[in-house]
Amino acid sequence: MSSPEFSIIEEFFASRAGGPNEALVLGIGDDCAVIDVPSHKQIAVSTDTLVENVHFLANSEPELLGHKVLAVNLSDLAAMGASPAWASLAITLPAIDKAWLASFAKGFFELADRYSLQLIGGDTTRGPLSITVNVMGLLPKQQRLMRSGANVGDDIYVSGHIGSAGLGLEKARQGYLNMMDSELGSYLKPNPQVALGRELLNVATSCIDVSDGLSADLSHLLKASGVGASVWDECLPVTESVRQHASKLSDDLWPYSTGDDYELCFTLPSNLNADELSKLHKYDITKIGVIEKEAGLRVEVKNGKIFTLNKGYDHFAS
């Protein structure tokens, strides 16, 4: 008779994981998975842990949580321009709840199937709810997007809307759970920009995903590249609801510091040809600023006043 741990793996995860293919030599069911990486490819690897009451609210809808735990990892692959391939999943559960597990697995595998991503291993254990996903993607040899590489004069772009997930979190905390609400959807069911990341692979000079807040993540990119930047607040793509929320807080710069957007922030050469740029605009991107020699991140607001930013979400801040 199999143990409860292996019963969970067999019932909810192994049956959906997919069988070995040309690259995946050995998947779930042994001590390790074995991958035969094609000679013309390299692997991009990312790991994220999500903890209840830190990264997601207690009693979160499990199907949405299954989507999100994978989406945040896929966003890291997108920031590198990688194509998703494999993942492992380690989940700590306070108790075995089959209905919860079935719903969680549904959300996880619906997103995995969208990118033909295979679950190749993982672990289950008992304790406070936390979920760790290790995701692997493929890149052409010698090609990758990185945080370093931005040059003075490059244009700065972001995808989608900024601050929407932060407002969605506030709504979720208040018990507002209408998934037709765009901000709530941005928080609970983020859409990783994998296709955009692949498109950027040959044209962007640098890239990062926006997870801890635009100001913090763009500052990471600037530091890695050894440059600074000016951002024009009036160009920042935010919804009217986000603007109103920031106004209510008397903090017009609030959208820059809230996290969980899982959009891409990237730089493009200012002389990028029109054909290449037009290919990118189908992904809903917005130019928000320019790379400069002077270090630091400066935000210029409508009245011409300039603020210096670097704050974002910090797990260990008091």
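If you read the sequence from its start, that first residue is 1, and numbering goes on from there.
Within the structure, salt bridge (charged side-chain N to carboxylate O under 4.0 Å, His left out) contacts touching residues 47-57 (residues at least two apart or in different chains) do not occur. Residue pairs meeting the salt bridge (charged side-chain N to carboxylate O under 4.0 Å, His left out) criterion with at least one partner in residues 182-194, sequence neighbours excluded, are K171-E183. Sorted by first and then second residue, the salt bridge (charged side-chain N to carboxylate O under 4.0 Å, His left out) pairs involving residues 254-273 (not counting sequence neighbours) are K68-D260. Residue pairs meeting the ring-ring contact (aromatic ring centres under 6.0 Å, His included) criterion with at least one partner in residues 182-222, sequence neighbours excluded, do not occur; the list is empty. Identified under the salt bridge (charged side-chain N to carboxylate O under 4.0 Å, His left out) test for residues 202-211, with sequence neighbours left out: none. Screening residues 272-285 for side-chain hydrogen bond (donor to acceptor under 3.5 Å, both in side chains), with sequence neighbours left out, gives E199-Y283.
If you take CG on L309 and CG on L297, they are separated by 5.5 Å, rounding to the nearest 0.5 Å.
When all heavy atoms of S247 and D252 are compared, the closest pair comes out as CA-OD1, 4.1 Å. L184 and G168 make their closest contact through CD1-O, 3.4 Å (heavy atoms, listed as atom of the first residue, atom of the second, distance).
In the hydrophobic cluster analysis, where Ile, Leu, Val, Met, Phe, Trp and Tyr join through side-chain heavy atoms closer than 4.5 angstrom, L249 is grouped together with L236.
For H161, the ring pair (Phe, Tyr, Trp, His ring centres under 6.0 Å) criterion is met by no residue, not counting sequence neighbours. Applying the salt bridge (charged side-chain N to carboxylate O under 4.0 Å, His left out) rule to E300 yields no partners; only residues at least two apart in sequence or on another chain are considered. Scored by the side chain to side chain donor-acceptor pair (under 3.5 Å) test, E240 finds Q244 as partners (sequence neighbours excluded). For Y157, the ring pair (Phe, Tyr, Trp, His ring centres under 6.0 Å) partners two or more places apart in sequence, or in a different chain, are F266. For S225, the side chain to side chain donor-acceptor pair (under 3.5 Å) test picks out no residue, with sequence neighbours left out.
No more than 12 heavy-atom neighbours from other residues, nucleotides or ligands sit within 6.0 angstrom of NZ on K287. Summarising the local packing, CZ of R126 is surrounded by 12 or fewer heavy atoms from other residues, nucleotides or ligands at distances under 6.0 Å.
Remark: the backbone N or O of D154 is not paired with any side-chain donor or acceptor of N151 at under 3.5 angstrom. The main-chain N or O of S241 is never found under 3.5 Å from a side-chain atom of H245 such that the two would form a donor-acceptor pair. Of the possible polar contacts, none joining the T258 side chain to the P255 backbone as a donor-acceptor pair under 3.5 Å is found.
Applying the 4.5 Å side-chain rule to ILVMFWY residues, one finds V290 in the same cluster as W232.
A donor atom on one side chain and an acceptor atom on the other are not found under 3.5 Å apart for D155 and S270.
Under 4.0 Å is where a charged nitrogen must lie from a carboxylate oxygen, and between E234 and K302 no such pair does.
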